[in-house]
Amino acid sequence: MKKLPLLGDITPAQFLRDYWHKKPLLIRNAIPGFKPLLSMEALTKLASTNHAESRLVTNVDGQWHMQHGPLESLPPMDQKEWTMLVQGVNLFDAKADALLRQFRFIPDARLDDLMVSFATDGGGVGPHFDSYDVFLLQAQGQRRWSIGPQKDLTLVEGLPLKILANFKPNEEFVLNPGDMLYLPPHYAHDGIAIGDCQTYSIGFRSPSYQELGEAFLQFMADSIDLPGRYGDPELEATAKPAEIPRHMLNTIAEEINKVSFTEEDITIFLGEYMSEPKHNVFFTGPAKPLTFGKFGESAAKKGLSLSRKTQMLYRGKHVFINGESFGVSRADKITLELLANDRALDGTALAAASDDVMDALYTWYQDGWIELG
């Protein structure tokens, strides 16, 4: 692996070994000359829609307030200490998506989204911690970050935000455009805008085991096979009719203990779960889709690419796309793995695609999951 300026001229392997999940990393000039990818007008318009998650955080006379989007209006630009946050900007802007993809030395199953935070002077969301890794890239103006590895993560009660009650930082940095700060999970931090500023947050998925366990049990419900019905031909009369019989308890426990799962079950579950689009993600197919034949001709000339909203993963013989899974042959696996890793296929790669793959690609094209060109 090459050394990346994005990581301060170290390799991804060095970063993962020395910093990931372990300690912060300040990277000066991670992206030289970096400027906001969206205009303030475009960002505000996105925050006003119901298909983008947004929040408005204000601090007035020491009182925190939070409003969830769509945000129909914002405070005056000359008002201090307010922040607008827009999640998943990568889903709606090609440049934002390209920025997010620079972090694909982390598996796609972990890469989440790009959030843009605009704040006026003094604006922030209070001292807090995240349950996931995050890169904080300064895009406009300056932001002062105070950080610390404190173990006391007690929150202030009664607030709309998760603000630390006893924040005790031990380091402080002022980030300029192009500078970036990496923070591991649960590392306390507080960012305060110095004048108007924008910060881009590259976040990672870190589902709780409870969340995964509940989802897995729901997933397995469709595959459980326990034939037969409870019976007790040896039942004896009882003087305690309200007590559950020991025989009933043991028999049912024995049957339920027959439920088992394999590594393949977990693979399919995890692939579908981690590729499932978020609740606010919707796909739109072409208004006038090409016929199958014309689609093949156009794809051979222009190639095709995954939609910015599409999540495509694979493991072994299984391929996952937008919450769906299917098994593939060894030959088809080569083509589909290339599509998943490169997020695109050129005409040469498509020439080797089987009829089954082309059928799948055409269906995904109609659904808006992939695009020509």
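We count residues from 1, following the sequence as given. Below, all heavy atoms of this structure are taken into account, side chains as well, without hydrogens, waters or symmetry copies.
Of the candidates Tyr19, Phe15, Tyr200, Phe15 is the only one forming a ring-ring contact (aromatic ring centres under 6.0 Å, His included) with Phe135.
Between the side chains of Asp133 and His21, at least one donor N or O sits under 3.5 Å from an acceptor N or O. Between His68 and Glu53, the side chains place no donor N or O within less than 3.5 Å of an acceptor N or O (distance only, hydrogens not considered). Under the 3.5 Å distance criterion, with hydrogens and angles disregarded, no donor-acceptor pair is assigned to the side chains of Tyr365 and Asp367. For Asp152 and Asn166, the side-chain atoms include at least one donor-acceptor pair closer than 3.5 Å. Checking Thr335 against Asp332 by side-chain atom types alone, no donor-acceptor pair falls below 3.5 Å. Checked by atom type, the side-chain pair Arg143/Thr199 shows a donor-acceptor distance below 3.5 Å. For the 3.5 Å distance criterion, the side chains of Gln138 and Asp179 fail to qualify, holding no donor opposite an acceptor. Counting only N and O atoms by type, the side chains of Asp112 and Tyr132 include no donor and acceptor under 3.5 Å apart. Looking only at atom types and distance, the side chain of Glu214 has a donor-acceptor partner in the side chain of Gln210 under 3.5 Å away. With no hydrogens or angles considered, a side-chain donor-acceptor pair links Ser325 and Glu272 at under 3.5 Å. For the residue pair His189 and Asp130, a side-chain donor N or O sits within less than 3.5 Å of a side-chain acceptor on the partner. With 3.5 Å as the limit, one finds a donor-acceptor pair spanning the side chains of Gln87 and Asp113.
Under a 3.5 Å cut-off, the side chain of Asn322 and the backbone N or O of Glu276 do not form any donor-acceptor pair. Thr120 places no side-chain N or O within 3.5 Å of a backbone atom of Met77 that could act as its donor or acceptor partner. The backbone N or O of Gly124 sits less than 3.5 Å from a side-chain atom of Thr83, completing a donor-acceptor pair. A donor-acceptor distance shorter than 3.5 angstrom exists from the side chain of Asp265 to the backbone of Thr262, with no hydrogens or angles considered. Remark: the backbone N or O of Met220 is paired with a side-chain donor or acceptor of Ser223 at under 3.5 angstrom. Remark: side-chain polar atoms of Thr238 are paired, donor with acceptor, to backbone N or O of Lys240 under 3.5 angstrom. Of the possible donor and acceptor atoms, none in the side chain of Ser298 sits under 3.5 Å from a partner among the backbone N and O of Phe295. Judged by distance alone, with hydrogens and angles left aside, the side-chain atoms of Arg144 form no donor-acceptor pair with the main-chain N or O of Ile192 at under 3.5 Å.
Nearest heavy-atom pair across Pro36 and Ala139 is CD-O, 3.2 Å. Residue Thr310 comes nearest to Trp369 through the heavy atom pair OG1-O, 2.8 Å, listed as atom of the first residue, atom of the second, then distance. Listed here is the closest heavy atom pair of Ala96 and Asn90: CB-CA, 3.8 Å. Across every non-hydrogen atom of Thr267 and Phe320, the tightest pair is O-CZ, 3.5 Å. Of all non-hydrogen atoms in Gly368 and Ser307, the two that sit nearest each other are O-CB, 3.5 Å. Scanning all heavy atoms of the two residues, the minimum distance from Pro127 to Asp190 falls at N-OD1, 3.5 Å.
For the atom pair CG of Asp121 and CD1 of Ile194, the computed distance is 8.5 Å after rounding to the nearest 0.5 Å. Distance check, rounded to the nearest 0.5 Å: CD of Glu172 to CD1 of Ile147 gives 10.0 Å. Here the CD atom belonging to Gln102 is positioned 9.0 Å from the CG atom belonging to Leu4, to the nearest 0.5 angstrom. In this structure, CE in Met40 is found 6.0 Å from CG in Leu43, a value given to the nearest 0.5 Å. Interatomic distance, Thr251 OG1 to Asp232 CG, rounded to the nearest 0.5 Å: 8.0 Å. Taking CG of Asp61 as the start and CD of Glu81 as the end, the distance is 9.5 Å to the nearest 0.5 Å.
Ring planes of Tyr362 and Phe292: perpendicular class, angle over 60° (limits at 30 and 60°).
Taking the six-membered ring for Trp, Phe105 and Trp20 have ring centres at least 6.0 Å apart. Here Phe269 and Phe261 keep their ring centres 6.0 angstrom or further from each other.
When hydrophobic residues (I, L, V, M, F, W, Y) are linked wherever their side-chain heavy atoms come within less than 4.5 Å, the members clustered with Trp64 are Val57, Met66, Leu85, Met115, Val125, Val156, Leu159, Leu161, Ile163.
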Would you sort out whether Leu304 and Glu371 count as a side-chain contact (heavy atoms from CB on, under 4.5 Å), showing the intermediate values? CA-CA 6 Å; Leu304 51 81; Glu371 301 165 353; over 6 Å; no

Take Ile252 and Ile256 through the side-chain contact (heavy atoms from CB on, under 4.5 Å) test and state the conclusion after the steps. CA-CA 6 Å; Ile252 293 177; Ile256 290 178; 3.8 Å; yes

After noting the C-alpha distance and the side-chain angles of Leu74 and Trp82, does the key distance pass the side-chain contact (heavy atoms from CB on, under 4.5 Å) rule? CA-CA 9 Å; Leu74 297 173; Trp82 63 266; 4.1 Å; yes

His128/Phe167 under ring pair (Phe, Tyr, Trp, His ring centres under 6.0 Å): CA gap, chis, key distance, verdict: CA-CA 8 Å; His128 65 287; Phe167 181 52; 8.9 Å; no

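Between Lys3 and Asp9 there is no salt bridge, since no side-chain nitrogen of the basic residue lies less than 4.0 Å from a carboxylate oxygen of the acidic one. In this structure, Asp18 does not pair ionically with Lys22, as no charged nitrogen and carboxylate oxygen lie closer than 4.0 Å. Checked for salt-bridge contact, Glu264 and Lys317 meet the test: a charged N lies under 4.0 Å from a carboxylate O.
No more than 12 heavy-atom neighbours from other residues, nucleotides or ligands sit within 6.0 angstrom of CD1 on Ile244. Shown here is Arg315, whose CZ atom has no more than 12 heavy atoms of other residues, nucleotides or ligands within 6.0 Å. Tyr209 OH: 12 or fewer foreign heavy atoms inside a 6.0 Å radius.
One hydrophobic cluster holds both Phe34 and Val89 under the rule that ILVMFWY side chains link at heavy-atom gaps under 4.5 Å. Grouping the Ile, Leu, Val, Met, Phe, Trp and Tyr side chains by contacts below 4.5 angstrom, directly or via other members, places Leu350 with Met312.
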